[in-house]
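Following: one structure in structure tokens, then a few remarks.
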Amino acid sequence: MKTDIQIAQEAKLLKISEIAKKLNLTEDEYEVYGKYKAKLELSLLKKLENKKNGKLVLVTAITPTPAGEGKSTVTVGLTQALNKIGKNSMAALREPSLGPVFGMKGGATGGGYSQVVPMEDINLHFTGDFHAIGVAHNLISAAIDNHLTQGNTLGIDITKISWKRVVDMNDRALRNIVIGLGGKVNGIPRESSFQITVASEIMATLCLSNSLMELKEKIGNITFGYNYKNEPLYVKDLKITGAVTALLKDAIKPNLVQTLENTPVLIHGGPFANIAHGCNSLIATKLALKLSDYTITEAGFAADLGAEKFLDIKCPQGGLNPNGIIVVATIRALKHHGGAKELTTENLEALNKGFANLDKHVENMKKYNVPVLVAINKFTSDTEAEIKLVETHCKEIDAPVALCDVWAKGGEGGIDLANLLLNTLDQNTDNFTPLYSFDLPLKEKIEKIAKEIYGAKGVEFTLKAKKSIEQFENLGYKNYPICMSKTQKSISDKANLLGRPTDFIVNIDEVKLASGAGFIIAMAGGIIDMPGLPKIPAAENIDIDENGIISGLF
Ligand code: ADP
């Protein structure tokens, strides 16, 4: 069997100008980055302002195994399928982070015959957006430490600096560090920390901004720490808002690439869904809605994380109206939730037990008043009997279902799903309603997510978390939405609880203010924002030969 990278390297790519032509773009409306990548000009948003939006469809998933259950693969495959049956569809995806590329999961450009290409470029550096975001973030860090050294006129309390440094790498040794050692000229010694770039507030802010000027305003409003009176200090206090934004002048523009079947895709921004809000940029989604009739987008991890944040943060903040939700399920993950250890042999009993996980996610998604479909992402190890059982079960829970074989067959394997979706969208009226109203108190919003989405019986807040909530509400941030930071391995905040956990309490250790991105982060279950590498990292399989051909990138 060919690997993802072998399939991608055999693909016949069109020049990116040909892809831009399919979208009716003029040469002034995009800037090419080599032969197969381009950045779209933001002026397009203005030009297309009065054009009717296409339909917006979110692809999410059941609680995944560590390998991922194929949201990107299904997103790409479905957009290929829609184009195959004559519909004008684009995918809007996130950019991969180098953390998973070299860590455990590998790249994030889909798989098999449903990939975005050039996959090596997209997975490694791409158009430099993450670099720019990292440097913009670290400029703020450098300015904070310089301010301390230069006399600290703002009265920054060094025990209350919340702004860290970032690098796009899984590097556990950077979780807790001491900086400023070596005497007076080398800075003020203090404890600090690194986050992975995808957890940076600059990443979230860029992804939730509608324009360069809005990004600038939001960057100025980022809280980096507190003064001795415990009052918040903002990036604008450091007088570097313009410089930070200048570093992002190209990163804010969406990247245009193509699928293996030469259909257009926008890939832009990439916050993780367990430690950030998990969706591609608002600008890319909005452009895709103008440039195509059907935008297929994904949000990270399972529906309790990425989808909840897509529906409760991104859509309300961006005025987006989702028209359909597809929950991707795999038979291997369902069996995993049903307690099976061996996932590639038939096990109807475990599969039956595992349905509880799918049921909870489908119920959750139905709360948003958007039609919900299930896509079974077919693996070669799935048996006829297993597939039949999932189909029957979906009928019982009133969830339209389609078998999706886009990994093995590309767009052709997604035609059933595409037709099912079109059928559903035809009957849909715009009824989308977020889970909570922004004007609820912060604590109630957190409780609503924990109880209604995770199924918790209650929430316990540490004293520190309670104090922060009180402080943020007093500062005027009561109306912010909540970005939960929690494990992706369970619907609950306890990684080992599989299936559909019940009778558990969600523990909120810490609550943080993201006054640039515009949300409150609730940290559940001791989640960390700098992952580590596994014992045998994916990096050990990656290689390059004398012709510059890369292998091992999945
Ligand atoms: P997610 O977006 O949910 O994290 P991906 O689409 O990135 O998942 O897929 C994760 C990995 O699983 C990729 O390496 C992909 O090639 C592989 N994969 C996805 N679907 C299938 C399938 N149906 N059969 C075999 N491998 C698959």
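Counting starts at 1 for both ligands and their atoms, following the listed order.
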Show which atoms of ligand 1 fall inside a sub-4.0 Å distance from at least one heavy-atom site of [X].
X      : result
Lys71  : 1 (P), 2 (O), 3 (O), 4 (O), 6 (O), 8 (O)
Lys378 : 22 (C), 23 (N), 24 (N)
Asn377 : 19 (C), 20 (N), 21 (C), 22 (C), 23 (N)
Gly111 : 15 (C), 16 (O)

- Query: Should we count CG of Asp545 as having more than 12 external heavy atoms under 6.0 Å?
  - Reply: yes
- Message: Students often mix this up, so state it plainly: with edges at 30° and 60°, are the rings of Phe301 and Phe272 parallel, tilted or perpendicular?
- Response: perpendicular
- For ligand 1, is any non-hydrogen atom under 4.0 Å from Asp4's backbone (N, CA, C, O), its side chain (CB onward), both, or neither? side chain
- Does Glu69 approach ligand 1 within less than 4.0 angstrom via side chain, backbone, both or neither, non-hydrogen atoms only? backbone
Indicate yes or no: does an N/O atom of [X] lie under 3.5 Å from an N/O atom of ligand 1?
X      : answer
Arg332 : no
Ser72  : yes
Gly70  : yes

- Quickly, which of Lys360, His336, Glu69, His361 forms a side chain to side chain donor-acceptor pair (under 3.5 Å) with Thr63? Name it, please. His361
- Task: Would you mind reporting whether Ile85 and Asn419 have side-chain heavy atoms less than 4.5 Å apart?
- Result: yes
- Would you sort out whether Thr79 and Ser89 count as a side chain to side chain donor-acceptor pair (under 3.5 Å), showing the intermediate values? CA-CA 6 Å; Thr79 183; Ser89 167; 2.9 Å; yes
- Query: Does Asp382 pair with Lys378 as a salt bridge, N-O distance under 4.0 Å?
  - Reply: no
- Query: Residues in side chain to side chain donor-acceptor pair (under 3.5 Å) with Lys164, at least two apart?
  - Reply: Asp529
